[in-house]
Amino acid sequence: MTYSQMAQLELMNAAANVNSQEDLDALKLTISLFFAEKAQREDGTFNQEKLDELRGQHLRTPYKTV
């Protein structure tokens with residue numbers, strides 16, 4: 001099992017325990033903070049300008065039709 005697959009399972013387990021809007025908001029905040037801290041460590045210059053730049057990007061993997 002890859003780390004990506006393990007992460008997906010962990011997120012699905014966490015999502016299964018969300019029972020209210022407050023729980024959902026807390027989970028979203030936790031995930032956001034995780035990625036913000038990760039970006040800060042990797043880039044070192046995480047500020048509002050970088051956030052605005054990232055907000056406009058589409059980082060999803062494009063799916064190919066057969």
Side-chain angles (χ1 to χ4, degrees):
M1 187 177 286
T2 67
Y3 286 114
S4 178
Q5 291 168 328
M6 289 188 286
Q8 289 174 8
L9 284 174
E10 290 294 330
L11 289 172
M12 286 175 35
N13 287 333
N17 293 303
V18 172
N19 298 317
S20 67
Q21 184 65 45
E22 292 80 21
D23 288 348
L24 177 60
D25 292 342
L27 179 60
K28 288 167 52 175
L29 177 61
T30 301
I31 293 168
S32 296
L33 290 173
F34 168 80
F35 284 108
E37 289 174 10
K38 183 176 178 182
Q40 182 73 31
R41 285 190 309 269
E42 290 177 1
D43 188 31
T45 56
F46 199 68
N47 54 27
Q48 188 62 45
E49 183 179 329
K50 185 68 171 178
L51 283 173
D52 293 339
E53 178 185 324
L54 291 172
R55 184 175 292 126
Q57 292 183 3
H58 298 281
L59 302 175
R60 294 189 68 183
T61 303
Y63 294 98
K64 297 178 182 177
T65 57
V66 178

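FYI, side chains are in, hydrogens and waters are out, and symmetry mates aren't considered; it's all heavy atoms of this structure.
A search for side-chain hydrogen bond (donor to acceptor under 3.5 Å, both in side chains) contacts involving Glu53 returns nothing, not counting sequence neighbours. Taking the side chain to side chain contact (heavy atoms under 4.5 Å, CB included) definition, one finds that Ile31 meets it with Leu11, Leu27, Phe35, sequence neighbours left out. Remark: Glu49 pairs with no residue by the salt bridge (Lys or Arg N to Asp or Glu O under 4.0 Å) rule, at least two apart or across chains. Judged as a side-chain hydrogen bond (donor to acceptor under 3.5 Å, both in side chains), and not counting sequence neighbours, the contacts of Asp52 are Gln48, Arg55. Partners of Asp23 according to the side-chain hydrogen bond (donor to acceptor under 3.5 Å, both in side chains) rule, which considers only residues two or more places apart in sequence or in another chain, do not exist here.
Here the CG-OG1 distance, from Asp25 to Thr30, works out to 10.5 Å after rounding to the nearest 0.5 Å.
Following chains of ILVMFWY side-chain contacts shorter than 4.5 Å, one cannot reach Val18 starting from Leu33, and the two form parts of different hydrophobic clusters.
Counting side-chain heavy-atom gaps under 4.5 Å among Ile, Leu, Val, Met, Phe, Trp and Tyr, the cluster of Tyr3 also holds Met1, Met6, Leu9.
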